[in-house]
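First the structure, in the form of structure tokens, and then the observations on it.
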Number of protein chains: 2
Amino acid sequence: MIERGSRPATLVDVARLVGVSASTVSNVVRGSNVVAAPTRRRVLAAIEELDYRPNALARQLLQGRATTVGIIARDLRNPFIAEMASLLEREVARLGFAAMFCATDGDPEREDQAIGLMLDNRVSGLVFLSLLGRPSLIAAKVGGRLPAVFVAAEEPWADSVTVDEHRGGEIVARHLVGLGHRRLAFLGPQQPDRADMRRLEGFLRAAGDSGLKPTVIAWDPPDGSPSIDGNPVDWVEILAGPIPATGIFAANDFAAIDLIDVADTLGVHVPQALSIVGFDDVDMARLRRINLTTVSQPRDALVRLGVEALLGRIDGRIVGEPRVTLASVSLKVRGSTAPAP
Amino acid sequence: MIERGSRPATLVDVARLVGVSASTVSNVVRGSNVVAAPTRRRVLAAIEELDYRPNALARQLLQGRATTVGIIARDLRNPFIAEMASLLEREVARLGFAAMFCATDGDPEREDQAIGLMLDNRVSGLVFLSLLGRPSLIAAKVGGRLPAVFVAAEEPWADSVTVDEHRGGEIVARHLVGLGHRRLAFLGPQQPDRADMRRLEGFLRAAGDSGLKPTVIAWDPPDGSPSIDGNPVDWVEILAGPIPATGIFAANDFAAIDLIDVADTLGVHVPQALSIVGFDDVDMARLRRINLTTVSQPRDALVRLGVEALLGRIDGRIVGEPRVTLASVSLKVRGSTAPAP
DNA sequence: GCATGGGGTTGGAACGCTGCAACCCGCGTC
DNA sequence: GACGCGGGTTGCAGCGTTCCAACCCCATGC
């Protein structure tokens, strides 16, 4: 390792070297145009020589807030969230913000701690990415202190950018019904968040229009065991059993893909005996081995709109009541769905 | 949205409310035990009342560095990296550090910018996660200014925590040779990093011991087209041939899974006609539909050791020459490999 | 010759906190 | 009664910036 330099050069070090005041150096650094060209040149040379980098902490202390946004996500192991987090980071970086990141894994304690950390570090704003958790608690901590936006999620007390989840659910139901399925099921997490609920509502609604009443299964892949109305059930019952669903809508691709795996294990053929639809359209859904019919979310748009909303709040361009921005969804029909057996 | 409070309370606000000096409040906040119990109680009450949170920026300015570590990763779309990033964040958070995050997607410009941002924000240390890029440039910017550690990667000028890549490559070769394969190939990115090279070396070495000379294919999935020695080739040539490889070692699971997809498209049966081995053992490798034979890396250990090394450098417990810590690998034999046809 | 103006530069206060030296005060000691 | 002691508290300097008012100086105008 190259030996650790002493302490980094400061603005006054540069000023001393050039024989000019700190203010002048500051003006050069910030690109103010009041500095005479020759002076500017000499300052720049000194900056180069001393390898000076402005101390963002000092600057941020003065402004009262950091040029940083916090991104709080649920679980980076879900590829959809990982992809979104990556896009988010890129977008805020493009606009000159640093990204402070935290994954909570749905643990309220970590969530709490993460928000505290970001608050202390005076981030300019907070992005909640597909966040489960106890919304009221988050609201209590963040509410009003800081601009916040929910992306791919929704909360009444803050701006949200999300897709029309309800319509997504409807589309799926209609697709399955159109294929002749009469025994439908919805597969969601044990603790569904608002988005999950919306998807379910749309699904139930459209299914209801065709006189169907889907079964609702709760499951946290890959390790949890499934339950209906809080009562544990066996996969065999659901897939081959007395509740033989032939069309299942999983609340997200992550779960859908694990469901396919369960079906494979039990020898239930997808899509011949069982049709499965996901939600998100993660990268891997396109693989021929997975080939998942799913509802596609416009990732880029969600991220762009989310960051736009957040920055609008940060610089005060947007004020007033929280807004919900909806992006549209589309069904990507692939090979995991087929006419009912 | 709950209405935005004015400016957040400061230490002196608390002090004034209690009728005590700022120093005393500071002592309470930092948990110093010099404060008399009754005073402490009153101060704590005031902190509660004013909803005071210490300004981390001010504290960090004073200490000369932030309680933050930067994580610079290549690409969050690779599940292995996403999983590692998540673990890294959790580990540094556990130790009281905030995580500043940046994904570079291999773009040197973004890399540069990211390092600059972190330098300016006076992070305590930097973790490079499986980073491609121009090592010399990074070294020039970071070298010596800041503690840095490479995780799942290796650089001569900084601490590294990685697996025995060479041995990983060997194991794969022996596995394939043991299955009777004689026509081997290695599939790596256009711009292999050090880890990729090591895997290749081990693979070539062990293959050489059996008198075999694998073909080296460069490919960036999923969009790039493959090449050998810089000359574009067609997948058909490779998989069905005039260069009919029957056993291919992909430098990582991400590529291996896409390779399986290519084989599926071309109607080449895996593993009957073609055996494929990956590297990383990402979560999805276990899915029956993928069922990838792969070299498993001990994620938890890599992260733990990496953070340990970094913190050691940060607080000066570790000094001197850069160290390389190796974790061991193991082959997970699954269904993507079979005896040579 | 004096006021006016404006480009260029500077000094100093402020941001919110920490660390240190100084201080105060009641108590025990000689 | 002077002194030392030590627990508890305070004042102040300083961290590296930015921002603003003030300033200097030279050119211009009448």
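The analysis underlying the following values was restricted to heavy atoms, covering all of them including side chains, and did not include hydrogens, waters or symmetry mates. Throughout, protein chains are lettered first and strands after them, A, B, ... in sequence-line order, and every chain is numbered starting at 1.
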Find the distance [X]:[atom1] to [N]:[atom2] and express it as a whole number of Å.
{"X": "A/R16", "N": "C/dT10", "atom1": "CZ", "atom2": "C1'", "result": "16 Å"}
{"X": "A/L11", "N": "C/dT10", "atom1": "CG", "atom2": "P", "result": "12 Å"}
{"X": "B/L57", "N": "C/dT18", "atom1": "CG", "atom2": "C1'", "result": "15 Å"}
{"X": "A/L61", "N": "C/dA14", "atom1": "CG", "atom2": "P", "result": "14 Å"}
{"X": "B/R53", "N": "C/dC17", "atom1": "CZ", "atom2": "C1'", "result": "16 Å"}
{"X": "B/Q63", "N": "C/dC17", "atom1": "CD", "atom2": "P", "result": "13 Å"}
{"X": "A/R42", "N": "C/dT9", "atom1": "CZ", "atom2": "C1'", "result": "12 Å"}
{"X": "B/R59", "N": "C/dG19", "atom1": "CZ", "atom2": "C1'", "result": "13 Å"}

Would one find a side-chain N or O of [X] under 4.0 angstrom from OP1 or OP2 of [N]?
{"X": "B/T39", "N": "D/dT9", "result": "yes"}
{"X": "A/S26", "N": "D/dT17", "result": "no"}
{"X": "A/R40", "N": "C/dG8", "result": "no"}

Legend entry - salt_bridge(B/R90, A/D105) N-O dist < 4.0 Å: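 Result for this pair is yes, salt bridge flagged.
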
Inset, instruction - Using a strict cut-off of less than 4.0 Å between a Lys/Arg side-chain nitrogen and an Asp/Glu carboxylate oxygen, indicate whether A/R59 and B/D120 qualify as a salt bridge. - result: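 No, this pair does not count.
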
Proximity to the side chain of [X] - top-ranked nucleotide from [options]:
{"X": "B/S21", "options": "D/dG11, C/dT18, D/dT17", "value": "D/dG11"}
{"X": "A/A58", "options": "D/dC19, D/dG16, C/dT9", "value": "D/dG16"}
{"X": "B/L62", "options": "C/dT18, C/dT9, D/dT18", "value": "C/dT18"}
{"X": "A/N55", "options": "D/dG16, C/dT9, C/dC17", "value": "D/dG16"}

Regarding [X], tell me which of base, sugar-phosphate or nothing describes its non-hydrogen contacts under 4.0 Å with the strands shown.
{"X": "B/R65", "result": "nothing"}
{"X": "B/T10", "result": "sugar-phosphate"}
{"X": "A/V29", "result": "nothing"}

Legend entry - Quiz item: B/S23 side-chain donor-acceptor pair to C/dG19 base, under 3.5 Å: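 Answer yes: a donor N or O sits under 3.5 Å from an acceptor.
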
Legend entry - Non-hydrogen atoms of B/T67 and B/S124 that approach each other most closely: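 Where B/T67 meets B/S124 most closely, the heavy atoms are CA-OG, 4.3 Å.
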
Legend entry - Intermediate values then yes/no, salt bridge (charged side-chain N to carboxylate O under 4.0 Å, His left out), A/R74 and A/E111: CA-CA 9 Å; A/R74 186 159 72 199; A/E111 203 165 74; over 6 Å; no

Legend entry - Main-chain N/O of A/L117 paired to A/N121 side chain as donor or acceptor, under 3.5 Å: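 Yes: the side chain of A/N121 pairs with the backbone of A/L117.
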
